Amino acid sequence: QVQLVQSGGGLVQPGGSLSLSCEASGFTLGEHTTCWFRQAPGKEREGVFCFSHSDNSTYVADSVKGRFTFSRDNAKNAVYLQMSSLKPEDTAVYYCAADRFILSYYQHIPPDPSAHDYWGQGTQVTVSS
């Protein structure tokens, strides 16, 4: 069964840190491009940090540059999003997504959620004092 299972998230005060994990089963995550999206209430789903396995290209949302980092552990078939200096505007449901056919990400082109085939279940991140 192909699935992405997320963990992490929760409630954190402004300026704090959180890590999200996304583990794949049923397919090799290292052979897919992977992307973290988020969706705040009343807003569209937006790309946060994306990485292409084929050419190592990335997309990083301007709003998280310097605060969020992406990492992967092929042995664990997982990717991670480390978030620091969190702000209230980072509050959203965060999703990991993967796709076999996306070759590259471009910094000037926000990733299209509909182009990603596999999705995690989503995890809530709330930044509040």
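Values in this document were obtained by computation on a predicted structure and should not be read as measured data.
Between the side chain of Gln6 and the main chain of Gly122, a donor-acceptor pair closer than 3.5 Å is present. Between the side chain of Thr33 and the backbone N or O of Asp99 there is at least one donor-acceptor pair closer than 3.5 Å.
Residue pairs meeting the side chain to side chain donor-acceptor pair (under 3.5 Å) criterion with at least one partner in residues 120-129, sequence neighbours excluded, are Gln124-Thr126. Sorted by first then second residue, the disulfide (SG to SG under 2.5 Å) pairs that include residues 49-97, not counting sequence neighbours, are Cys22-Cys96, Cys35-Cys50.
In this structure Ser25 satisfies the side chain to side chain contact (heavy atoms under 4.5 Å, CB included) test together with Gln3, sequence neighbours excluded. Not a single side chain to side chain donor-acceptor pair (under 3.5 Å) links Lys43 to another residue, sequence neighbours left out. Remark: Ser54 pairs with Ser52, Leu103 by the side chain to side chain contact (heavy atoms under 4.5 Å, CB included) rule, at least two apart or across chains. Take Thr58 and apply the side chain to side chain donor-acceptor pair (under 3.5 Å) test, not counting sequence neighbours, and it matches no residue. Under the side chain to side chain contact (heavy atoms under 4.5 Å, CB included) criterion, Ser19 pairs with Gln82, not counting sequence neighbours. For Asn74, the side chain to side chain contact (heavy atoms under 4.5 Å, CB included) test picks out Arg72, with sequence neighbours left out. Residues passing the side chain to side chain donor-acceptor pair (under 3.5 Å) test with Ser63, sequence neighbours excluded: Arg38.
Within the hydrophobic cluster formed by Ile, Leu, Val, Met, Phe, Trp and Tyr side chains joined at under 4.5 Å, directly or through other members, Tyr59 is accompanied by Ile102, Tyr105. Grouped by direct or indirect side-chain proximity (heavy atoms under 4.5 Å, Ile/Leu/Val/Met/Phe/Trp/Tyr only), Val60 sits with Val2, Leu4, Val12, Leu18, Leu20, Phe27, Leu29, Trp36, Val48, Phe49, Phe51, Val64, Phe68, Phe70, Val79, Leu81, Met83, Leu86, Tyr94, Tyr118, Val125, Val127. Grouping Ile, Leu, Val, Met, Phe, Trp and Tyr by side-chain contacts under 4.5 Å, direct or through others, leaves Tyr80 on its own.
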Quick one: do Asp90 and Lys87 satisfy salt bridge (Lys or Arg N to Asp or Glu O under 4.0 Å)? Show the steps, please.
CA-CA 5 Å; Asp90 294 318; Lys87 305 175 181 180; over 6 Å; no
As a quick check of understanding, evaluate side-chain contact (heavy atoms from CB on, under 4.5 Å) for His53 and Arg100, giving each step before the final call.
CA-CA 9 Å; His53 74 290; Arg100 186 177 183 90; over 6 Å; no
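Here the NZ-CD distance, from Lys76 to Glu23, works out to 7.5 Å after rounding to the nearest 0.5 Å.
Surrounding CD of Glu89 are more than 12 heavy atoms belonging to other residues, nucleotides or ligands, all under 6.0 Å away.
Looking only at side-chain heavy atoms (C-beta outward), Tyr95 and Arg45 come within less than 4.5 Å of each other.
Closest non-hydrogen pair, His116 versus Pro111, comes out as CE1-CB, 4.2 Å.
Residues Asp55 and Ser104 bring a donor and an acceptor atom of their side chains to less than 3.5 Å of each other.
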